[in-house]
Structure formats: C-alpha cells, structure tokens
Amino acid sequence: MKESLQVAKLKSRMALLERDSIAYGAPITLEGWIEPDDSREERSALRLSQGCVWCGERRRFELAGRFAAAPRAGRLPALILRLGRSASLEKLAFLYGPEALVEIDDEIVFGMDPNHDVWELPARFADGQPHRLRLVGWTGIRQEPYQVGFIGSGSIASDARKLYLLSQLCMETAELSADDTLRARLLDCLDAAFLRINWSDSPGGISDESVTATMDELKARLAELPRAPLWSAVACGHGHLDLAWLWQTQTAKGKATRTVSNVLRLMELDPEFRFSQTQAQLYAWIEERYPALFRRVFGRVQSGQWEILGGMWVEPDCNITGGESLVRQMLLYHSYMRDAFGVCGSPVVWLPDTFGFCAQLPQLMKSAGLKYFATAKLSWNETNKMPAETFRWCGLDGSEVLAHIVSTSKPAWWGATYSADLSAAELCATVQSLAQKHGTDSFLVAYGMGDGGGGPTEDMVRRGALLERVGVPGLPGVRRGTFESFFTQLKNTHQLPVWQGELYFELHRGTYTGQAETKRLNQRCESALHQAEFLAAWAADAAGAPYPHQKFRNAWQTVCLNQFHDILPGSSIHAVYQDAAIQCEAVLKTCETIVSD
C-alpha cells in the first residue's frame, strides 16, 4: 500500500513537470484554402483557430498567418501548431492527421504533424517582431474531424522537459522490473530528487535553480546504484518512408520533405544527434524540388551527422524483381550518391519493410561492395520464427554478408518496429523477446515516426541523449550511432550462426499474385530494356550510333521506383497502380523509340 501511494505521488509530480515544460503565449489564426473532394470544384476558404473543427481526406491545403515570439528567462521560444490529431486507437494512428511543411519568412524551417506540433524556434525568429508563417500540407488519409488545439507562440522549459523524460524512464523501468530491490531503489531515487523542487513555484513555473538541483540529485543517486547491463543498444535516428502505399508517390514527396526538414532542425538543436536514411530516389526528389534544403543535407552528410545507406534506388521487392533489376537498383544508388555527395554512403543494405529476400541477394551485395544487411519484417513471421537476430547470411554461391534483424518490441505491435521511440518499455521488451541470447550482446534500434510521421521527435532525441549520458539501471546501455557503426562493432564477433539461402517472410500473403497487371508490366519493361540496351550497344559499336545513356537511366529509374516493396507486390491503394501503369507504358514507348531509331 505504501509503495502504491509513493508511485501515485511521484506520477502526480511528474505530471506537473510535464505541464510546466510547455507554456502558451499569444494565439494566432491561420487563414488560407483547402482543395475540394471533387477536382471540378473550386478551392474552399479555410480558417483555423483554437477550438474549431475541420476535416478532409487526402486534400491539400495552404494556411498563412503572422506570429511574434521573444526570449523569456529560463525558457526557449517555441512555435505550437496543434492542428488536430486522430482519435483512432488503431496501431497506425501515429501516421494519421494533418501534415504540413512550415515556412517562416519564406524559409523552410521544419515540418508539422501530430507527432511534431511543438518546435523550438531558431533565434532569428524569436526577436519579438512579427514574422510571416506559411503552412503547405495535406489532411491525411482518413476522413475524420480534427479538433484544433493551441496555435501560436509559446515557450519550452528545456531542463524541466529533460527532467520529466529522465523521471519517466526511471518510473517505467521500476514498474517493469521483476527485481523488487531495483524497483524500490529507483522509486526512492525519484522521491529524494523531487524533494529538491520548490513545488510552490508551480503552476507559475518551477524555477530553473530548482529544476537543476533536482536533475543533479537524480543523476547522483542513479550513479550510486549498481549497474552492469548485459545488453547494449545502438540507437539510430530514422524516418522510414513508403514511397507509395496508402498514398501516391506525389504525396510521398511531401512526406519526405517534411521529414528531412524536421531532421535538419533536430541536428541544429543537438549536434550529437545522428540520422540514417535510405533510398536514393528520396534524395533525388529533394534535390530536384528544394535545392537549398538538399545543400543542407549535403552539409550534414559531410559532417558525419547524416548517414546515407540502403544500397538501392528504393527499398524494392526482392522476390518478383528480376536479378538484373536488383543490380540496377544498386548501380543507380551508387552512381547517384557519388554524383550528389561524392561518396557512396555506408555499405549497409537496410530494407526494413520488404516482404522477404531471395537467396541471390548476398552475392549481388558482395559484388556491389555492400557488406552488411539489415531488416525488420522477418520478426513478424507467423509460424517459423527466425532462430537468431544476428547471423551470417550465405547466398547460393557461398557469398556471405553480416546480417541483423531489428527486433525492437513495441507493446501491442504486430512485431518488431522500425519506428521506435526509445521508451523504457520498448527497451525492456526487446531484451526479453530476443531469440539469440548468446554470441552477441548488442542490438540495433531504429527510432523515429515513419511514413510521414516526421521522423524522430525532440523528446526522442532528448531521451536518447539521457540514456547515453546518464543511463538508468535495469535498462540496456544505449549508444547513439549509425547503422555502419553498429555493424563495425559486430564484424569481429565469433560463433555467429549461418543462414543458408532464402529469407522467407511468413505474413503478407498474396504478394506473388496480387495486382497481376502491374507485375506483367514490370516484366515487360525488364525485357524491353534488355532488348533496347543490347541493340543500342550493338549499333554504337558497329555503326558509331550515339548511345542514349540518359534515356536508359531515366527508364531504369522509373522501373526501379515501381519495384518498390508496396507497389510491385500489390499492397498499395488503387491510384498507385494507375500511376504505375502510365509510367511503365512510357518506359515501353521509350524502348520502342530507341529500337526503331
């Protein structure tokens, strides 16, 4: 009884900390337009302010307004954009709701979505002067009402937020621990630390001195507890993005831009934050549409904060896709990365969401200089669970690559997640669920809201820093890093098991047969490109005819895009296949023209 009262008291104090970490300033109203459901109709006027309700499914919108923010002692100026969130209890609710690219004075600053609705402002926009605000976005994939929360300037008590997050990690660990002694000691640490807070300061704002003293006390008491973690985790910031699925590729371009903008802002806020992103196609879209944003990505790649990886043009299907196409996926990736960044990125093929992998892939990877393979979906297998998370994958010709299955367990999820949040619940559940308890003592966590969820949040980055610098007894040790750094520490590991042949995924059924027309067009494009390239090469060699390099490159980029793992297998919405048919027919026409010329 005493312990339950202690927990209730601590949670009430944590709630006060959370409440105090964000303060609201002057509200504003946003005005603009939203496109109609019927393309034949005109745009409708849209006006949003706190308390109103709006809705729309797959409808673009644009909003504008003006705000002013100024520094406040002990707090960081912020912009709060709570345009609404889904009331759904579905597992994928994190990707529902309105999303927008946020511009201040015509400069892209970050993205907004229900997971990223409070942002610390750059100092240049926190001078007390009015600034122009513009939001360009879409309403999301569901037709449901959104209740608008606060919109306007505000402030963040950064130290109070960090104290709240560390307290949350301690509380979650205590509640999950099977060790009664550890549980009691973690609660006592929180109890003793919270005695340092002058709670009479609340709700007007707990003083900085009070928060600093409490954080110092909590760190000191945690340091006194015995800790010898048997497992360590490498936490990699990530923003998984399906280039088509419940949306078309045109929408994915906006999702990519918003995620990239968020990540760049997080890197400004924490220079030790690392982020890893796949898919050369995604980078090409950013370079084409937002050159200034791309230059900022280039700078972060050069500084080592941003890891480019994946090894392929997109994250493709690896069963129906032909062998030559898989080679082209790798060639297009390498040539683009060399041209755009001067490097090919890390030698890691990261295909978290692909529905199984053919036995030829290790051979192709080794030939392309790609030494490491990572995925996640295999942990979702219905019947035959993978016996190990880390192993050497051997292909048909004997080629081996070091492989790892990301197995981060999210409560109530289907299987491992590649959209982790670095919570204590995830870390504890992951250690418990690992099939492989020997041969290695580390695992990889890819954290960040995927599929337009905007990537990592500020709280995730803060939590990662706290886990790395302070740590919590009872949790695995956490180091923030990259995919390549994780595999580098694994490569000298001995006694790893060997998996021979195909990695079969036992869940998404019908992917060999669904959307047969798309599969037929893909095979026709592969055959037509083979014939056209052969004849064009013969004509160039025999008669000196000009070889149409760029036409072939463009055609292969289109084919490889439509081999994406939610397009070719057949798991996307109908509009995606309408787009794919048009694009594949254009490739066939290009091949016909080349052959006839």
- [ ] Could you tell me if the ring centre of F357 sits under 6.0 Å from that of F373?
- [x] yes
Task: Lys/Arg-Asp/Glu bridge criterion (N-O < 4.0 Å) met for R258, D113 - done: no
Task: D579-Q583 side chain donor-acceptor pair, cut-off 3.5 Å - done: no
TODO: Could you note down all residue pairs passing salt bridge (charged side-chain N to carboxylate O under 4.0 Å, His left out) where residues 340-369 supplies at least one of them, sequence neighbours left out?
DONE: D353-K377
TODO: Mind telling me whether W247 and W245 have parallel, tilted or perpendicular rings, with 30° and 60° as the class edges?
DONE: perpendicular
Task: Y577: side-chain hydrogen bond (donor to acceptor under 3.5 Å, both in side chains) partners, not counting sequence neighbours - done: none
- [ ] May I ask you to test the T390-P497 pair for a side-chain heavy-atom distance under 4.5 Å?
- [x] no
Open item on the list: For S442, is there any backbone N or O sitting under 3.5 Å from a side-chain donor or acceptor partner on S232?
Closed with: no
Open item on the list: According to ring-ring contact (aromatic ring centres under 6.0 Å, His included), who are the partners of F110, at least two apart in sequence or on a separate chain?
Closed with: W119
Open item on the list: List the residues meeting ring-ring contact (aromatic ring centres under 6.0 Å, His included) with Y418, not counting sequence neighbours, and say none if there are none.
Closed with: H240
- [ ] Side-chain contact test, heavy atoms from C-beta onward, threshold under 4.5 Å: evaluate it for F486 versus T488 and give yes or no.
- [x] no
Task: Ring centre gap for F552 and H549 strictly below 6.0 Å - done: no
Open item on the list: Is it the case that the side chains of S276 and H238 hold a donor-acceptor pair, with the cut-off being a distance below 3.5 Å and no angle test?
Closed with: no
Task: Under the side-chain hydrogen bond (donor to acceptor under 3.5 Å, both in side chains) test, residues paired with W499 that sit two or more places apart - done: none
Open item on the list: Going by the rule side-chain hydrogen bond (donor to acceptor under 3.5 Å, both in side chains), which residues pair with T440 if we only count those two or more places apart in sequence or in a different chain?
Closed with: none
Open item on the list: Can you confirm whether more than 12 heavy atoms, excluding those of Q495, are under 6.0 Å from its CD atom?
Closed with: no
Open item on the list: Taking the six-membered ring for Trp, are F355 and Y504 closer than 6.0 Å centroid to centroid?
Closed with: no
Open item on the list: I'd like to check the salt bridge (Lys or Arg N to Asp or Glu O under 4.0 Å) partners of E585; sequence neighbours left out, ordered by chain and number.
Closed with: none
TODO: Check side-chain contact (heavy atoms from CB on, under 4.5 Å) between A420 and all other residues, then give those that pass, not counting sequence neighbours.
DONE: T408, T417, E426, V445, Y447
Task: Salt-bridge present (R328, E533; N to O < 4.0 Å) - done: yes
Task: With sequence neighbours excluded, residues passing salt bridge (Lys or Arg N to Asp or Glu O under 4.0 Å) with D339 - done: none
Open item on the list: Under the rule for salt bridge (Lys or Arg N to Asp or Glu O under 4.0 Å), what residues qualify as partners of K253, not counting sequence neighbours?
Closed with: none
Task: Residue list, side-chain hydrogen bond (donor to acceptor under 3.5 Å, both in side chains) with D451, at least two apart or on another chain - done: none
Task: salt bridge (Lys or Arg N to Asp or Glu O under 4.0 Å) involving E268 - partner list, sequence neighbours excluded - done: R265, R296
